Amino acid sequence: ANQPLRVICLLDRHGESGLIALKDAVMRCPKALLALTVVDSSQPAHHQSTQQWNSCSITWLGAMDRTAFSNLLQSQAVWIEPTLVGGDDSALAKEVLSAGLWMLATDCSAAADVIQAGRNGDVISSTEHSNWSKALLQLCRQRPKPEPLIHFPRIQPSLFAQLEQLHHRLGLQQAASERAS
């Protein structure tokens with residue numbers, strides 16, 4: 001609770017339109033309430049730099065493979081889809097939601113179509129930029145807890161437990177057959 005809220009967004013040809021509005025919203029946030037990571041797909045994989053926007057830490061990362069991206073998502077709480085012109089990837093939005101991140105997206109993004117408002121994210125107006133800072137402040141106060149969309153219940157014992165039981169039964173059967181002979 002004492003740590004900044006970890007927020008991530010992807011900067012690609014569609015997200016650039018909303019980056020200025022996002023920066024303005026971050027600049028309005030009180031000191032150190034959030035830490036933003038921006039994945040800039042136009043930068044090389046090894047690229048990493050940092051900035052401060054009104055005392056909020058901004059980390060810029062370059063393009064990354066799926067494994068690195070998946071690992072990065074696990075360390076984040078909120079995904080922001082800042083596009084103002086659409087064209088973002090709804091499959092990516094589903095992947096992000098499946099990873100358990102809360103999503104904040106504009107009403108003109110494809111991501112808005114997969115958000116269940118108040119359950120897994122919020123949709124904000126693409127024309128009312130003041131709503132962005134209000135939404136970020138609310139998220140910082142509420143601290144949404146990331147939770148994957150699908151839970152896989154443990155109805156089967158682990159493989160180790162299954163093998164241990166099998167070996168135990170085989171050992172007992174072997175000992176019983178040795179006693180019989």
Side-chain angles (χ1 to χ4, degrees), residues 1-12 14-84 88-106 109-112 114-124 129-151:
N2 297 334
Q3 299 293 320
L5 183 66
R6 308 227 11 110
V7 179
I8 185 171
C9 76
L10 176 67
L11 178 62
D12 60 9
H14 304 294
E16 290 176 6
S17 61
L19 190 63
I20 294 170
L22 176 59
K23 181 177 180 179
D24 182 57
V26 170
M27 295 287 285
R28 293 173 189 252
C29 283
K31 185 176 180 176
L33 268 186
L34 62 90
L36 174 64
T37 299
V38 180
V39 178
D40 184 351
S41 60
S42 69
Q43 295 295 321
H46 64 276
H47 174 80
Q48 182 172 350
S49 62
T50 57
Q51 272 185 304
Q52 295 291 114
W53 290 350
N54 189 27
S55 300
C56 290
S57 173
I58 313 301
T59 302
W60 294 83
L61 301 175
M64 57 186 65
D65 62 25
R66 287 191 75 62
T67 302
F69 185 69
S70 178
N71 291 336
L72 178 62
L73 287 181
Q74 291 176 25
S75 69
Q76 305 295 310
V78 177
W79 177 275
I80 296 181
E81 184 54 62
T83 184
L84 299 177
D88 56 309
D89 187 355
S90 61
L92 176 61
K94 290 174 187 172
E95 182 177 345
V96 167
L97 290 172
S98 295
L101 275 70
W102 189 264
M103 185 172 289
L104 187 61
T106 62
S109 69
V114 297
I115 292 176
Q116 296 174 0
R119 292 191 63 196
N120 62 0
D122 293 304
V123 178
I124 55 177
H129 296 167
S130 62
N131 289 347
W132 290 47
S133 55
K134 289 176 192 173
L136 283 177
L137 285 172
Q138 183 177 1
L139 286 174
C140 289
R141 283 189 210 107
Q142 291 179 342
R143 308 291 272 182
K145 297 194 182 347
E147 186 175 317
L149 285 180
I150 300 172
H151 292 280

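We use all heavy atoms of the structure for the numbers below, so side chains are in, but hydrogens, waters and symmetry mates are not. Keep in mind that what you see is a predicted model, and the values were worked out from it rather than measured.
The salt bridge (Lys or Arg N to Asp or Glu O under 4.0 Å) contacts involving residues 130-140 comprise nothing, where partners must be two or more places apart or lie in separate chains. Under the side-chain hydrogen bond (donor to acceptor under 3.5 Å, both in side chains) criterion, the residue pairs touching residues 61-74 are R66-E95, with sequence neighbours excluded. Listed by first then second residue, pairs satisfying salt bridge (Lys or Arg N to Asp or Glu O under 4.0 Å) with a partner in residues 49-59 number zero, not counting sequence neighbours. Contacts classified as salt bridge (Lys or Arg N to Asp or Glu O under 4.0 Å) and involving residues 43-63 (residues at least two apart or in different chains) are not found.
Every side chain to side chain contact (heavy atoms under 4.5 Å, CB included) that A105 has, sequence neighbours left out, goes to E81, M103, S109, A111, I115. Annotation: side chain to side chain donor-acceptor pair (under 3.5 Å) contacts of R141 (sequence neighbours excluded): none. Legend: residues meeting side chain to side chain donor-acceptor pair (under 3.5 Å) with D24, ordered by chain and number and at least two apart, are R28. Residues meeting the side chain to side chain donor-acceptor pair (under 3.5 Å) test with D122, sequence neighbours left out: W102.
Once rounded to the nearest 0.5 Å, the distance linking NE2 of H47 with CE of M64 reads 10.5 Å. Atom CG of L36 is separated from atom OG1 of T50 by 12.5 Å, given to the nearest 0.5 angstrom.
In plain terms, the two heavy atoms of T106 and V123 that are nearest each other are C-CG1, 4.0 Å. Scanning both residues, L33 and L137, for their nearest heavy atoms gives CD1-CD2, 4.0 Å. Here the closest heavy-atom approach between residue L92 and residue L10 is recorded as CD2-CD2, 3.6 Å. Counting all heavy atoms, side chain and backbone alike, L11 lies closest to V38 at CB-CG1, 3.8 Å. Pairing each heavy atom of A25 with each of W132, the nearest pair is CB-CB, 3.6 Å.
No side-chain heavy atom of L139 sits under 4.5 Å from any side-chain heavy atom of L34. The closest side-chain heavy-atom distance from V26 to N54 is not below 4.5 Å. A heavy-atom distance below 4.5 Å is found between the side chains of L104 and L136.
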Distance-only check: which donor-acceptor pairs under 3.5 Å involve side-chain atoms of residues 56-63, not counting sequence neighbours?
residue: W60; atom: NE1; partner: Q51; partner atom: OE1; Å: 2.7

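Of the options V96, I80, V39, a side chain to side chain contact (heavy atoms under 4.5 Å, CB included) to I8 is made by V39 and by none of the others.
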